[in-house]
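Structure, as structure tokens:
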Amino acid sequence: MHDAIPSHRPPQPVDPLDRSRFPVDPWRLVERGYDGRDLGLTETLFSVANGYLGLRGNVEEGRDTHTHGTYVNGFHETWTIRHAEDAFGLARVGQTIVNVPDPKTIKLYVDDEPLLLSDADLEGYERSLDLREGVLRREVVWRTTSGKRVRISSTRMTSVVERHLAVMTFEVEMLDGHASLVVSSPVLNRQDGSDEYDVRSAAMGEGVDPRQAHSFGHRVLQPTLHEVRDGRLLLGYRCTNSGMTIATLAQHRIETDNPWTERLTVEEDLAQHVYEIAAEQGRVVRIDKLVTVHTSRGVPPRELADRCGRTMDRAVSAGVPQLQREHAELWARFWAESDVEIEGQPELQQAVRWNLFQLGQATVRAGNHGIPAKGLTGTGYGGHYFWDTECYVVPFLTYTHPQAARNALRFRHGMLDDARRRAAEMSQFGALYPWRTINGAEASAYFQAGTAQYHINADISYALMKYARATGDRQFLLNQGVDMLVETARLWADLGFWQVNGDQSFHIHGVTGPDEYNTVVNDNFFTNIMAAHNLRAAVETVRALEESDPEQMARARARLGLHEREVEDWQRCADHMHIPFDERTGIHPQDSHFLDREVWDLDATPADRRPLLLHYHPLVIYRYQVIKQADVVLALYLCGDHFTAEDKLADFDYYDPITTGDSSLSAVVQSIVAAEVGYHELALRYFYAGLFVDLADRHGNTVDGVHVASTGGVWSALVGGFGGMRDHDGQLSLDPRLPDCWPSLTWRMRWQLSRLRVRLEAEAISFVVEVGEPVTLTVRGQEVQVGSQEVRVPLDGQGPRRDREPELRLVGTTPSARGPREHEPHLAGGGVVPHSWSHELDDPTSPIPVRAPGAGPLTQSDPVS
Ligand code: BGC
């Protein structure tokens with residue numbers, strides 16, 4: 001299942017999964033055969049979550065594991081970031097998602113022999129994540145060492161109806177003979193627990209991988225409650241530093257004709273319900289485990305326990321079958337809104353649905369929380385929220401689940417005061433959103449690739465405008481949106497400055513764009529384009545609301561202290577924003593010095609030196625024209641109405657060969673723009689690269705959780721890339737690029753609250769409104785009215801087609817692009833020519849100065865051959 005770290009060239013579009021272990025099934029991810037070697041990966045892939053509560057796919061028995069994980073969105077501990085060399089304004093408070101008490105484990109002993117999958121003689125094993133119904137299922141037939149066969153069936157779900165509830169079922173049946181069974185079902189604090197259950201999280205960062213979470217040196221969860229209450233197990237805690245509180249309540253129910261006894265015990269870090277059963281052959285034992293979890297910023301755990309009790313009462317009175325049914329109904333609604341079908345490609349269909357399901361699991365019930373980069377499937381990136389939400393996830397939500405998009409944007413509105421404070425701390429007017437955060441404060445200790453990404457402001461405004469235009473939600477704009485637009489626009493107008501070089505132009509210096517391999521640069525193309533969009537959006541929104549809702553807008557002006565002069569100023573800044581363009585090459589440089597740097601030839605970089613961030617000091621990387629992820633190319637997609645087809649082709653050609661794709665946020669965007677400019681085959685390869693980021697562990701870190709931005713990008717690549725959907729300035733348009741090998745692509749999407757179904761085939765594209773009012777859109781410039789009768793628009797091909805592929809261009813100062821020199825340390829007494837120079841010495845045209853090793857730095861008078 002493992003793939004090597006990707007080369008920057010996406011692999012051929014082949015199905016990368018081992019189908020004897022993970023067979024194709026359009027609605028399930030199925031595992032046939034237990035394999036303990038990649039538990040970290042499968043724990044992530046088989047996670048269940050609802051946006052509030054997430055359970056990794058740990059096996060029921062608990063002992064075989066890579067990382068036990070139970071997460072509540074936003075439930076975090078804080079810690080002091082100690083900078084070895086301090087400076088004013090650096091982030092001070094680290095925030096890390098907590099591994100909350102684990103309710104997943106259910107241990108089975110048959111005649112005192114424990115079931116341990118790694119050791120067990122298994123006659124049958126199938127685990128499946130049912131994407132249609134949102135349930136994890138496992139069927140095992142175990143032959144004990146005494147030769148008795150036992151059937152064990154279990155299910156696990158985190159309810160999307162009751163987001164504080166997890167439902168587990170566990171069924172045991174003796175297939176041969178009778179046996180004495182013990183089922184021991186704990187809730188345990190793995191964050192701080194000791195002894196048997198202190199399984200240290202392998203995913204917590206100890207090495208140099210910045211993508212992993214911080215590990216704590218102190219006790220995180222302070223016990224405040226542990227009791228048996230009305231036959232229920234109760235644990236309550238308060239986080240040592242953040243003060244956040246949590247209560248977890250578990251109730252079990254057994255159903256069997258066999259005689260049984262039970263015992264309930266609680267300690268500070270462990271609550272257990274233990275059943276002893278004298279099981280006869282064929283007499284099924286069924287145990288239901290219901291668990292409720294409530295958290296808060298500081299409400300006493302005792303009060304949370306009462307809330308847990310109330311949720312539990314409702315769940316118990318509904319009963320497990322009804323809970324499962326209602327949960328499945330909501331998932332069915334999810335699919336009715338957002339399913340994407342690829343005809344004749346069952347492997348792809350399965351992978352697409354797995355990605356969309358993970359996207360749903362990260363968002364559907366996130367409510368008033370953000371959307372962590374890993375959802376609730378792992379501790380990667382510490383459970384933080386990034387721009388991933390606005391540029392990769394909110395687009396999917398806007399066009400399929402507008403309420404969830406609104407929630408995500410309202411969540412950002414909730415941190416506006418923190419953003420205002422941060423702007424002031426950064427000597428700026430307006431608001432500056434944190435690059436990464438849980439609680440609203442900036443948590444990025446590495447400011448070069450963190451706080452410097454000011455574009456987060458523009459990303460939020462961009463997502464907000466798309467949402468507002470696609471849904472027509474003016475109330476949101478009036479109550480929250482306008483405040484966010486005004487404060488972010490203020491930041492840009494204050495951050496940038498006017499330069500007089502003949503014409504006056506507005507510049508933004510000292511920022512980092514999306515590409516984290518070039519930091520703290522001047523006039524990053526993406527940032528400038530998106531900032532201009534942000535400024536215009538603020539102007540247009542203020543003007544439009546003044547027209548439509550003068551009274552409310554007057555109140556908004558008063559609460560924001562907004563002056564007319566400011567609005568005029570934003571318009572000027574936007575109109576004169578400097579957009580870097582290089583006449584020599586005909587491309588948009590990523591920043592003002594980008595083309596002056598040496599080019600890094602990725603083909604000359606061994607695969608084992610990737611991703612670059614794990615093998616080179618940041619300074620080494622920053623010296624080169626080499627990029628981690630789409631930056632200019634992302635701007636070409638998001639603000640595509642500002643550029644011609646020729647611009648896009650030239651830029652894509654230039655940047656593609658120097659894009660490592662070391663971030664999973666890249667491939668999906670490269671796929672979209674490759675499709676647009678006519679690289680059909682390359683678009684498909686990038687699509688596969690994005691589609692299988694997690695399923696094939698393409699970045700080698702799926703153990704740390706699902707790459708949620710990439711799952712959102714998969715949707716965008718399908719609908720925006722192959723479907724060619726854009727909606728600049730509130731106009732829905734399509735210019736499709738169906739891959740040759742796909743007979744059809746079908747998707748659903750909301751537009752002005754109507755639900756459209758779109759079916760794309762080689763010869764035509766068809767639309768029908770499934771729910772709501774008629775919709776007007778354009779197909780390649782031609783206006784189309786769509787109502788409840790299907791409309792078919794013939795297509796003349798699938799856009800331009802290019803047979804060649806982008807090639808590396810050596811623009812910059814170096815005549816021979818390679819990348820960093822690889823040197824052995826030159827210790828005293830050595831006398832070898834640095835090996836990376838040796839080929840240059842053989843080459844008479846080589847401009848590399850020949851120096852004796854150890855001769856010291858090159859000086860002006862050194863001869864240059
Ligand atoms: C990417 C960022 C992204 C973060 C979290 C990093 O590797 O470079 O763009 O926000 O991951 O997904």
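Both counts, for ligands and for their atoms, begin at 1 and track the order of listing.
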Does ligand 1 have any N/O pairs with the protein under 3.5 Å, and how far apart?
residue: ligand 1; atom: 7 (O); partner: Y381; partner atom: OH; Å: 2.8
residue: ligand 1; atom: 7 (O); partner: K628; partner atom: NZ; Å: 3.0
residue: ligand 1; atom: 8 (O); partner: E516; partner atom: OE1; Å: 3.2
residue: ligand 1; atom: 8 (O); partner: E516; partner atom: OE2; Å: 3.4
residue: ligand 1; atom: 8 (O); partner: K628; partner atom: NZ; Å: 3.0
residue: ligand 1; atom: 8 (O); partner: Q629; partner atom: OE1; Å: 2.6
residue: ligand 1; atom: 9 (O); partner: W387; partner atom: NE1; Å: 3.0
residue: ligand 1; atom: 9 (O); partner: Q629; partner atom: NE2; Å: 3.0
residue: ligand 1; atom: 10 (O); partner: W387; partner atom: NE1; Å: 2.9
residue: ligand 1; atom: 10 (O); partner: D388; partner atom: OD1; Å: 2.6
residue: ligand 1; atom: 11 (O); partner: Y381; partner atom: OH; Å: 3.0
residue: ligand 1; atom: 12 (O); partner: D388; partner atom: OD2; Å: 2.5

- Item | Given Q590, K628, Q629, the one that forms side-chain hydrogen bond (donor to acceptor under 3.5 Å, both in side chains) with D515 | Q590
- Message: Let me confirm one number: the CG-OG distance from L535 to S461, rounded to the nearest 0.5 Å.
- Response: 9.0 Å
- Tell me whether the guanidinium CZ or amine NZ of R422 lies under 6.0 angstrom from the six-membered ring centre of Y433 and within 45° of its axis. no
- Item | Centroid-centroid distance, W435 to H455, less than 6.0 Å | yes
- D697 and T702: side chain donor to acceptor below 3.5 Å: yes
- Ring centre gap for F722 and F687 strictly below 6.0 Å: yes
